[in-house]
Amino acid sequence: MKFLATVLVGCLLPSILVVEGNNDAMDLPSCDFPAVYNFGDSNSDTGGIAAAFFPMIEPFGETYFHRPAGRASDGRLIIDFIAEHLGIPHLSAYLDSVGTSYRHGANFATGGATIRRQDESWFENGVSPFPLDIQVEHYTQFKDRTSYFYNQAKEETDRARLPVPEHFSKALYTMDIGQNDLAAGFRKMMNMEQLHAAIPDIVNQLTAQVRDLYNKGARNFWIHNTAPIGCLPVSTMKIRDPKAGELDEQGCFKAQNEAAMEFNRQLKDSVVKLRAELSQAALTYVDMYHAKYELIKRAKNQGFEDPFKICCGYHDTRNDVWCGHRAKINGTEVYAGSCGKPSAAVSWDGVHYSEAANNWVASQIVNGTWSDPPIPITRACHRPTLG
Ligand SMILES: *[C@@H]1O[C@H](CO)[C@@H](O)[C@H](O)[C@H]1NC(C)=O
Ligand SMILES: *[C@@H]1O[C@H](CO)[C@@H](O)[C@H](O)[C@H]1NC(C)=O
């Protein structure tokens with residue numbers, strides 16, 4: 001915390017600005033975020049877990065990158081569309097040592113990451129060894145080491161790929177994490193009551209990391225809540241004969257979505273409390289749950305096919321052949337390839353959304369439609385007036 005004293009507020013404006021309703025919000029000056037630092041799981045991992053373990057395989061990345069690009073999708077993720085919207089390059093993963101530039105931020109997200117440390121491994125259950133607190137630890141090292149090398153550099157070319165130290169307090173800090181804590185709960189806990197009892201601790205551990213980042217100089221936070229996990233095709237397709245009331249009107253697994261909504265309620269409360277506590281922070285809470293749920297609800301009239309259909313992967317009640325893999329089923333070899341038209345798919349691989357779906361959701365959230373306070377992401381450095 002020693003080096004903080006000099007790093008003050010990036011986007012400090014008099015707190016008399018009233019952020020209320022969209023017209024006012026559009027009148028706010030743009031924040032010109034010079035960088036984005038992201039924390040999360042596979043929903044926003046742009047190459048971290050691929051660098052740490054195994055590269056993504058074909059046909060991942062087929063749509064936009066035309067090669068596997070470290071992302072769990074056929075193309076870009078929501079965080080990529082956010083970067084484009086803010087006018088900065090796609091974020092390089094912190095763990096990726098090849099072809100990276102960190103001038104406009106870094107991505108600490110890793111596929112399979114949880115908020116709480118799990119007693120499981122990547123090899124067993126695909127749980128990332130880099131939960132949120134370790135991602136923040138990576139950020140701390142990143143900040144210290146890049147600042148050191150930036151200040152040591154003799155030539156501008158030696159600094160070109162490093163962040164400008166003053167930008168750490170002006171950057172936007174984005175988070176999208178929690179889904180895997182719920183998934184771990186469904187897998188390991190005896191019942192939903194146990195999981196609900198764990199939610200306050202999961203949320204507290206998230207807010208503890210926001211506080212920690214704030215103490216290290218971060219000021220502008222854009223926090224996604226967790227998506228409707230019970231609508232993921234991998235959840236719904238395993239229910240062979242749904243019991244009455246097990247599915248909601250869209251066909252999503254109700255109990256799983258209720259756990260997600262409870263997490264979100266508590267997360268929102270905590271973000272509101274943090275606004276009072278962290279007097280120089282601008283904290284935006286983004287209702288990713290409802291943005292994605294809207295897509296599932298309106299998929300058919302938005303040019304998508306059945307949102308429960310999986311574009312890449314073969315699954316039935318007994319077998320799971322994940323996207324890009326091969327397996328023998330009933331004695332015949334099955335290759336789980338792409339459906340060929342991922343632009344019409346909501347779900348790419350049963351767990352992760354297609355690029356087309358990510359684009360749809362990103363365009364919904366960047367203008368503040370699903371945010372509290374309801375301001376566009378380009379203006380997310382302004383503190384709402386409290387009280
Ligand atoms: C394998 O056999 C089962 C049961 O007969 C059938 O439902 C399933 O569609 C078959 N799968 C493939 C890939 O042939
Ligand atoms: C935000 O953008 C979405 C998608 O383009 C649009 O449907 C929505 O009406 C916009 N909302 C506002 C408040 O501008």
Side-chain angles (χ1 to χ4, degrees), residues 11 13 17-33 36 38 40 43-44 63-64 71 73-88 90-91 172-176 220-228 231 249-250 252 260-261 264 267-268 271-272 275 282-307 311 341-348 352-385:
C11 204
L13 276 155
L17 272 173
V18 182
V19 177
E20 217 188 278
N22 230 49
N23 290 338
D24 292 338
M26 292 317 280
D27 292 341
L28 294 169
S30 170
C31 303
D32 291 325
F33 295 119
V36 171
N38 182 65
N43 288 307
S44 63
T63 297
Y64 178 81
R71 291 156 173 83
S73 181
D74 59 304
R76 288 165 288 182
L77 308 181
I78 290 169
I79 190 69
D80 293 314
F81 290 110
I82 286 178
E84 290 176 17
H85 186 78
L86 294 175
I88 62 170
H90 295 153
L91 297 182
L172 183 65
Y173 290 75
T174 55
M175 277 191 189
D176 190 318
N220 311 306
F221 296 90
W222 177 266
I223 302 170
H224 294 170
N225 71 8
T226 197
C231 301
E249 65 278 13
Q250 301 307 322
C252 303
M261 284 190 282
N264 291 341
L267 177 62
K268 188 170 184 186
V271 169
V272 170
R275 281 191 195 126
L283 290 139
T284 309
Y285 169 88
V286 184
D287 192 356
M288 186 56 77
Y289 183 100
H290 283 101
K292 287 186 172 169
Y293 199 83
E294 273 299 297
L295 172 59
I296 287 153
K297 213 153 100 185
R298 292 165 52 198
K300 297 224 171 97
N301 70 34
Q302 295 291 305
F304 291 95
E305 290 168 357
D306 177 357
C311 178
K341 206 182 164 206
S343 60
V346 169
S347 183
W348 164 244
H352 306 103
Y353 289 74
S354 68
E355 164 170 300
N358 287 331
N359 191 3
W360 192 94
V361 173
S363 67
Q364 289 277 315
I365 62 164
V366 292
N367 65 11
T369 301
W370 298 101
S371 296
D372 174 79
I375 52 177
I377 193 167
T378 49
R379 288 158 177 80
C381 61
H382 302 291
R383 263 179 78 77
T385 308

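Atoms within each ligand, like the ligands themselves, are counted from 1 in listed order.
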ask   = Is there a donor-acceptor pair closer than 3.5 Å between any side-chain N or O of Asn225 and the backbone N or O of Met288?
value = yes

query = Taking the side chain from His85 and the backbone from Ser363, do they hold a donor-acceptor pair closer than 3.5 Å?
reply = no

request  = Just say parallel, tilted or perpendicular for the rings of His290 and Trp370, cut-offs at 30° and 60°.
outcome  = parallel

inquiry  = Out of all atoms in ligand 2, which are within 4.0 Å of some heavy atom of Gln364? Include the element for each.
reply    = 3 (C), 4 (C), 7 (O)

Close-contact set for ligand 2 against Ser363 heavy atoms, below 4.0 Å = 2 (O), 3 (C), 4 (C)

inquiry  = Can you tell me how the ring of Tyr289 sits relative to the ring of Tyr293, calling it parallel under 30°, perpendicular over 60° and tilted otherwise?
reply    = parallel

query = Which is closest to atom 2 (O) of ligand 2 by heavy-atom distance: Asn367, Thr369, Val361, Ile365?
reply = Asn367

